[in-house]
J.: 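Take a look at the following structure, please.
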Amino acid sequence: MIVRVALPVPLPRTFDYIAVDLCPADLGRCVRVPFGRGEKTGLIVALPDMAEVPMEQLKPVIAIQREAPALPADWLAMVDFTARYYQHPLGEVVAMALPPRLRRADAVSGNEADPLLDLTDAGRDAIHSTKRQSRALTLLHNLANQGPRRKSQLREGNSANPAVTDALKRGWIAPSAAANPAAMAGAPTLTAEQQAAVDAMSADFGRFQTFLLAGVTGSGKTEVYLRLVQQVIAQGGQALILVPEIALTPQLEGRVAGRFPAARVVSLHSALAEGARSQGFVQAMEGRAEIVLGTRLSVFTPLPRLGLIVVDEEHDASYKQHEGVRYNARDLAIWRARQRSVPIVLGSATPSLESWYAADSGRYRRIELANRAVAATLPRVRPVDVRREKLQHGVSEHLLRAIDARLQRGEQSLVFLNRRGYAPVLSCPSCGWVSRCPHCTANMVLHLADRRLRCHHCSFEAGIPLACPDCGDQDIQPFGRGTQRLEETLGERFPDARILRVDRDAARTRSQWDALLDQIGRGDADILVGTQMMAKGHDFPKLTFVGVLNADSSLFAADFRAPERLFQQLMQVGGRAGRGELPGEVMVQTQYPDHPLYQCLAAHDFARYASLQLEERKQARFPPFAANALLCANAAELAMAIDWLKAARAAAEPLSQAFGVHVFDPVPMRMVRLARRERAQLLVEAQTRPALQAFLAEWSRQLWALRAPRELRWHLDVDPAEV
Ligand code: ADP
Ligand code: ZN
Ligand code: ZN
């Protein structure tokens with residue numbers, strides 16, 4: 001009679017209602033209920049015997065939505081875990097994880113006529129007998145070459161491709177008889193290394209195990225995933241493949257769908273239309289899709305026959321959501337693999353230090369691919385010492401000469417600007433001094449607004465020195481100089497070269513981005529000037545040189561993860577060079593050519609870099625040797641946010657003792673003002689994740705109860721990506 005409902009409201013609780021015609025199968029169904037003076041739709045998350053409030057206060061539900069299938073118990077357990085772990089109201093987690101159509105009362109069907117289409121005998125005849133060129137004929141040729149395809153794939157984005165309709169009408173193509181979804185098309189023979197990796201992992205199928213597939217760029221990790229996926233499908237299972245960015249989904253989707261022509265591949269990401277997302281979700285939930293491929297959100301796809309999870313580029317920061325429910329899809333994927341007793345493969349050329357450490361300590365099994373699958377060698381990487389060189393708007397003569405050599409040979413160069421790493425830390429160009437905090441292994445951040453240096457870990461403050469405290473040089477300055485003139489500088493030096501800028505401004509839309517990629521792929525550009533967007537995923541056969549500017553800024557950034565990200569980024573961007581037949585070269589401009597990061601990079605030695613970084617983190621008690629959470633608050637005025645955080649800190653005091661957790665003082669955020677609000681945060685540090693969780697469970701209850709000014713907003717960020 002009683003249903004417990006998770007409603008999308010910012011309150012850390014569920015709500016009980018009465019339902020007269022209740023049946024056990026209603027658990028996991030959406031329900032419409034009265035709420036306040038209106039109505040809301042929520043999810044039935046429990047059928048308790050006893051209500052949390054007296055029976056006479058319970059209101060009846062309006063309607064239980066029985067048209068759509070109920071969410072399974074393991075799905076409910078996952079959203080419940082997500083809510084608890086990330087300290088977020090369950091109803092809001094559900095609202096995020098569930099496609100909108102399933103939340104509303106509209107009927108959703110996972111059915112769609114998407115048959116596998118193949119050539120008929122008439123179609124084969126038509127190829128030979130038809131002279132007139134037509135799109136239908138091209139279609140027939142493609143089917144003849146590639147084998148059967150799903151109707152949805154043949155449409156290639158057009159919801160009604162006339163060529164498909166035409167060919168169907170003429171009887172040239174027809175739905176093909178039951179095909180084997182595990183059948184592979186056009187798979188290359190694996191290298192010995194790839195085969196060994198596949199064998200090692202598939203030996204462990206059918207139980208929970210986390211594999212860390214550490215393979216250099218171009219080592220053929222995707223090929224390894226696909227073989228594992230094949231085995232899972234052959235055994236009647238479903239595979240979930242997570243990719244970091246929407247921009248990379250269509251590319252991989254094409255590769256996966258092409259490889260498994262008879263399998264149903266569902267692609268899920270936040271840019272999908274509502275209908276498509278709901279449909280894919282239901283197809284997966286009903287077990288009719290063999291493969292689900294998508295960005296972080298797809299970790300919440302229900303999969304009754306889940307057999308394998310793959311997390312590609314597992315180190316990528318975009319697995320972490322930065323607003324609303326601040327979950328990390330990689331971490332949830334691991335939880336889910338354990339819950340369902342299936343293996344999970346985390347793949348990367350530059351694993352996160354968390355994962356690397358987990359492999360060091362034996363929790364994950366590390367499997368390495370040390371060689372590129374096709375191109376024989378990795379690019380030559382070297383730091384270029386710019387301390388004694390006069391730069392031309394930030395570019396060294398070495399770099400310019402390297403670009404010139406590529407121009408002569410008709411090859412492409414990429415000049416890469418590490419803009420994201422820019423953090424206003426003070427440094428001295430003469431002696432290398434940086435504004436370190438005297439109390440932490442962290443750098444102090446330059447707050448220009450009130451002209452202070454501030455540590456974001458312990459809140460220590462200092463004024464801005466007029467000269468370097470170590471050597472007296474008065475030329476100390478923030479890292480990261482203006483780079484707008486780079487394109488111009490290159491243009492002046494190479495007036496005949498075709499220079500192409502590839503950044504968020506040049507590629508605002510999907511189609512602009514595709515056009516740019518096309519242009520580069522065709523070789524219609526000689527020099528590319530690019531930002532992060534260029535770092536991953538794309539192969540350009542003619543690109544043989546990568547020059548990196550501004551890398552040092554990340555070396556001394558305030559965030560302790562900045563060097564890790566820099567290393568990953570440089571490995572990735574370096575991996576762009578020489579993917580084809582031609583050998584690649586990478587130059588990194590730096591004032592610190594002897595820095596271990598650059599040395600390890602030049603040696604392609606991720607393992608050594610990781611162990612150096614882990615040692616530093618251990619000393620400083622940063623993750624993975626500690627667990628962090630941030631409590632963030634914002635208001636119209638900074639003082640209000642700080643005051644509330646101080647009250648929160650005071651509430652934590654008795655608890656932090658008991659749980660062995662350290663709660664730091666509140667500090668203004670580096671970007672204090674954002675969208676007319678002023679922001680502050682405080683850091684919570686525990687020795688382990690369980691200790692942090694135990695503390696947060698208690699503390700967050702108090703935070704909800706804490707008096708706050710009406711306009712103050714706050715949130716907890718568990719395992720924050722940046723501190
Ligand atoms: P990664 O994901 O490790 O960077 P990919 O899986 O994208 O590598 O493979 C890099 C390139 O090598 C791709 O063009 C892929 O088609 C090719 N490749 C991978 N494995 C093989 C193989 N066994 N034989 C031939 N080519 C391969
Ligand atoms: Zn100095
Ligand atoms: Zn400090």
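When a ligand or atom number is given, it counts from 1 through the structure's own listing order. What you see is a predicted model; the values in this text were computed from it and never measured.
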J.: Which class fits the ring pair Phe560 and Phe622: parallel under 30°, tilted 30 to 60°, perpendicular over 60°?
T.: parallel
J.: Minimum distance, heavy atoms only, to atom 26 (N) of ligand 1: which one of Ala187, Ala192, Pro188 is it?
T.: Pro188
J.: State whether Arg617 and Glu564 are salt-bridged, where the test is any N-O pair (Lys NZ or Arg NE/NH1/NH2 against Asp/Glu carboxylate O) under 4.0 Å.
T.: yes
J.: Using the test salt bridge (Lys or Arg N to Asp or Glu O under 4.0 Å), find all partners of Glu585 that sit at least two apart in sequence or belong to another chain.
T.: Arg380, Arg382, Arg406
J.: Heavy-atom distance to atom 3 (O) of ligand 1: which of Gln572, Lys221, Gln195 wins?
T.: Lys221
J.: Examine the proximity of ligand 1 to Gln194 and report which part, side chain or backbone, both or neither, has a heavy atom under 4.0 Å away.
T.: side chain
J.: Counting the benzene-type ring for Trp, do Tyr598 and Phe567 have ring centres under 6.0 Å apart?
T.: no
J.: Using a strict 4.0 Å cut-off to heavy atoms of Thr191, name the atoms of ligand 1 that fall inside it.
T.: 23 (N)
J.: Give the atoms of ligand 1, by number and element, whose distance to some non-hydrogen atom of Thr222 is under 4.0 Å.
T.: 2 (O), 5 (P), 6 (O), 7 (O)
J.: Could you check whether Glu313 pairs with Lys221 (Lys NZ or Arg NE/NH1/NH2 to Asp/Glu carboxylate O, under 4.0 Å)?
T.: no
J.: Please list, in number order, the atoms of ligand 1 under 4.0 Å from a heavy atom of Leu190.
T.: 23 (N)
J.: Judged by non-hydrogen atoms, does Arg255 sit under 4.0 Å from ligand 1?
T.: yes
J.: Which atoms of ligand 1 sit under 4.0 Å from any heavy atom of Thr189?
T.: 22 (C), 23 (N), 24 (N)
J.: So for Gly215, does at least one of its heavy atoms come nearer than 4.0 angstrom to any atom of ligand 1?
T.: no
J.: Using a 4.0 Å heavy-atom threshold (strictly under), name the region of Ser219 that reaches ligand 1: side chain, backbone, both or neither.
T.: both
J.: Between Arg330 and Glu354, does a salt bridge (charged side-chain N to carboxylate O under 4.0 Å, His left out) hold up when you go through it step by step?
T.: CA-CA 11 Å; Arg330 177 203 55 206; Glu354 278 83 358; 5.2 Å; no
J.: Does a salt bridge link Arg365 with Asp204, judged by any charged N lying under 4.0 Å from a carboxylate O?
T.: yes
J.: Could I get the full list of side chain to side chain donor-acceptor pair (under 3.5 Å) partners for Tyr319, not counting sequence neighbours?
T.: none
J.: Number the atoms of ligand 1 from 1 as they appear, then name those within less than 4.0 Å of a heavy atom of Glu223, with their elements.
T.: 6 (O), 20 (N)
